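One structure is given here, and the rest of the page talks about it.
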Amino acid sequence: MALPPVDVGAPPWGWYLVPMKAWQRYGRAVAIGYGASVVLAALGQRWLLYPRPEPDRFQDRGEVLRVPFSGGDVPLWVVQNADAQAPLMVWFHGNAETASGQAQLLDGMVERGVSFAAAEYPGYGLATGVGPSEDAILDAARATLKVLATKSERIVCGGASLGTGVAAAMAAEGYCSRLTLISPYTSLPAAAQAAVPWLPARLLVLDQFDTASRATAIRVPTLIVHGTEDPTCPVQMGRSLAADIAGATYVELPGRGHNGLLDAEMYDRLATFSKGATFSKGAKAEPAATPPAPSPTLSPPLTPASSSPPAKVDLHVDTPTQMVRRGVGLDDPALESGLDDMKSGGTNIVVEVLWPPKNPATTAAWTAQVERLFAKVEAEDHRLDGVELARSPSDARRITAAGNIAMLISIEGAHGIDHGESLAAELAGLAQLHARGLSLIELTWTFSNRFAGSSGDVAGDPAGTGLTDDGRALVDEANRLGLVVDVSHASDAATLEACKRSKAPVIASHSNADAVRDHPRNLSDEAIRCIAKTGGVVGLNFHATFVGAAANVAKVADHADHLKRVGGPGVVALGSDYDGLIQTPEGLSDAGDLPNLWAELARRGWTEEEVRGVQGENFMRAWSAVIAAAGS
């Protein structure tokens, strides 16, 4: 007989079985939805970041240039002020905007005495070629700034929102004399994380535009403006950048958001800052300072890139010393960097070096030798057709556009300006030489002086003396005047300190890489990186002692390759040391042999643009930045 069923009751855990099943269903839905949102964000991020705006027409004013770059060509809208010495603001717009959409800002700047250029992005507006990406945008920006460097020596990079990432990158690479950031961000991943905190933005974002990592490399006066109620780029981002960029001025606008900061008041601020004015921290600007007067030695920018040949610069030749010693002129065929050899090898800009020797070690002898050499270069300028003394990048462009050779003047060792007088008197003398045509000043030669330690004293001074108090004042004065600071021959300590102190690019005119040839005269990787961060260059030296055993063209190219790996292609230049009683490498016996080096670099895979940079365009960019920063 069957027993009746017994009700033993529900299991003790049964109360949550039904809810648990519901949670499983909902959890699966949430997980699927979250995964789908991650996938969509990953696949559609560039569409979201770079929505294609409808191209609109440029106004019928100024000029629209088509600038070629690695991925196509982009339009560049330029309106120049009647004053040839006016600063040129180069504006990088936000996403979903176009260059031609900056007409109101353009009018505001031009009305206030600032020339204006709006740079387009690849894939935007009227641009052709590849679509936008961080690499493509930065390549296009570099190409536009190289074109604009021929139009102005005072370039102010600026941008809003997305454009701040572009402008900051260009400033860090040394293309700008001043920088303006409106509603900036520390990086795109950080901005994306702030907007959608539930997504792993730092793992998904392709285009970083990591402004925070570039901040310490920005060495120019910077104005940062941020609204306190910015929902897209939180105000803490602007504050962080202001803390990391040396010399930055931070203006915070209470109650303002991400967009709409560019109004008449802001135009006043941008214009006065571009001309050299400063601002207090907070919302109000100080009264506009009087812009620094342009140096009387500057020539107005005359030559557009299309009509000027590529610069082919030798940053260091000792030809003046040989001319004085042997009583010959620049047209003497026995010179290693004489007129005929420069023409056959393609050199069109040459730095003629004034060398004050150590012996006899008296200030009178040093300064007398500088005067003899200076007078010799000036005499050649007057005597010879086809050569002319240049005092600015635009001056050099004008000279080379006419088919002539531009000469710059440098002093190899700041002891050459040491008259044994007070620092104020020595710096006053330096200013007089600058007004006469001096463009570069080398801190030391093979011995330490009152300004800096020398690599030649490494045996007696293994720690390496850095800059002295007088040396720091010298760097400051060189910056003010627009003189290029040259650290070849300087100790490692002096080199690093000069790079960190200078507000403008620093160069090593004739130094190689210590990692390729271990020698006190060659540069450590730390020094190479430090020079590169300033926007400066390192000129390849042909002295076999610094190149290495069995020196030849390939060995020189090894140094070029290393400089490129450590500091990027923009740091490499040429400073042969011809006519300096050097043992020249095989295949580079004089200036006529330089095409052998260009062919070797091309054989190794250097692009045409990179080779042009080594030939001289890298230095011209750095020199323009030095001139642009003068007086700041």
Side-chain angles (χ1 to χ4, degrees), residues 85 153 293-303 311 313-324 329-330 337 339 342 347-356 366-402 404-414 416-419 426-443 474 477-486 504 507 509 575 579 616 619-620 622-631:
Q85 298 296 337
E153 293 165 355
S295 168
T297 63
L298 296 184
S299 299
L302 299 174
T303 312
V313 184
D314 192 333
L315 286 173
H316 191 99
V317 301
D318 284 297
T319 312
T321 299
Q322 296 305 318
M323 289 192 294
V324 168
L330 193 61
S337 186
L339 195 56
M342 284 193 286
T347 301
N348 57 12
I349 301 174
V350 60
V351 177
E352 302 287 358
V353 175
L354 316 183
W355 173 66
W366 294 340
T367 55
Q369 177 69 349
V370 167
E371 175 56 36
R372 280 193 293 271
L373 297 175
F374 212 129
K376 183 63 175 178
V377 175
E378 290 174 321
E380 294 301 282
D381 175 34
H382 290 96
R383 184 180 72 88
L384 290 175
D385 291 331
V387 296
E388 186 177 342
L389 188 58
R391 293 175 168 83
S392 71
S394 57
D395 215 8
R397 297 284 190 189
R398 173 184 59 78
I399 294 166
T400 60
N404 297 326
I405 293 174
M407 298 186 299
L408 282 63
I409 296 180
S410 174
I411 295 179
E412 187 168 15
I417 67 165
D418 184 358
H419 304 81
E426 309 297 18
L427 296 184
L430 179 66
Q432 291 172 359
L433 290 173
H434 170 253
R436 189 172 166 186
L438 183 69
S439 292
L440 304 90
I441 181 71
E442 198 169 321
L443 296 178
L474 174 62
E477 179 66 0
N479 285 170
R480 188 189 72 81
L481 292 172
L483 279 172
V484 178
V485 174
D486 185 352
I507 75 164
S509 62
D579 289 315
F619 170 70
M620 294 300 286
W623 188 20
S624 295
V626 171
I627 297 291

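None of these values were measured; they are calculated from a predicted model. The residues of the chain are indexed from 1 along the displayed sequence.
- Between Ala478 and Val485, the closest heavy-atom pair is CB-CG2, 3.7 Å.
- For the residue pair Gly416 and Thr367, the shortest heavy atom distance occurs at O-CG2, 3.6 Å.
- Nearest heavy-atom pair, Pro320 versus Val377, reported as atom, atom and distance to 0.1 Å: CG-CG2, 3.8 Å.
- Inter-residue side-chain proximity for Lys376 and Glu352 is flagged as unmet; no heavy-atom pair is nearer than 4.5 Å.
- Annotation for Pro356 and Gln369: closest pair CA-CG, 4.3 Å, computed over non-hydrogen atoms.
- Taking NE2 of His382 as the reference point, atom CD of Glu388 lies at 9.5 Å (rounded to 0.5 Å).
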**Q.** Verdict with supporting geometry, Leu433 and Ile441, side-chain contact (heavy atoms from CB on, under 4.5 Å)
**A.** CA-CA 10 Å; Leu433 290 173; Ile441 181 71; over 6 Å; no

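- Checking Thr347 against Asp314 by side-chain atom types alone, no donor-acceptor pair falls below 3.5 Å.
- Although no hydrogens or angles enter the test, the distance criterion places no donor-acceptor pair under 3.5 Å between the side chain of Arg391 and the main chain of His434.
- Residues passing the salt bridge (charged side-chain N to carboxylate O under 4.0 Å, His left out) test with Arg372, sequence neighbours excluded: none.
- Two residues are said to be in side-chain contact when any heavy atoms from C-beta on lie closer than 4.5 Å; Leu430 and Leu483 meet this criterion.
- Summarising the geometry, atom CG belonging to Asn479 is positioned 9.5 Å from atom CG belonging to Leu474; distances are rounded to the nearest 0.5 Å.
- Under the 4.5 Å side-chain criterion, counting only non-hydrogen atoms from C-beta, Leu330 is not in contact with Ile405.
- At a threshold of 4.5 Å between non-hydrogen side-chain atoms, the residues Ile507 and Leu440 count as touching.
- Annotation for Arg436 and Ala375: closest pair NH2-N, 4.2 Å, computed over non-hydrogen atoms.
- Atoms CD and CG, from Gln432 and Leu438 in turn, are 12.0 Å apart once rounded to the nearest 0.5 Å.
- Of all heavy-atom pairs spanning Met620 and Ala311, the tightest one is CG-CB, 3.5 Å.
- Ser439 OG to Asp486 CG: the interatomic distance, rounded to the nearest 0.5 Å, is 12.0 Å.
- Using a 4.5 Å heavy-atom threshold, the side chains of Ile409 and Leu373 count as separate.
- To the nearest 0.5 Å, atoms CE (Met342) and OG1 (Thr319) are separated by 6.5 Å.
- Here the side chains of Val351 and His316 are not in contact, with every heavy-atom distance at 4.5 Å or above.
- Contact check for Leu408 versus Ile349: side-chain heavy atoms found under the 4.5 Å cut-off.
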Q | Derivation of the side-chain contact (heavy atoms from CB on, under 4.5 Å) call for Leu354 and Glu412 | A | CA-CA 6 Å; Leu354 316 183; Glu412 187 168 15; over 6 Å; no

Q: Tell me, with the steps shown, if Thr321 and Asp579 meet side-chain contact (heavy atoms from CB on, under 4.5 Å).
A: CA-CA 8 Å; Thr321 299; Asp579 289 315; over 6 Å; no

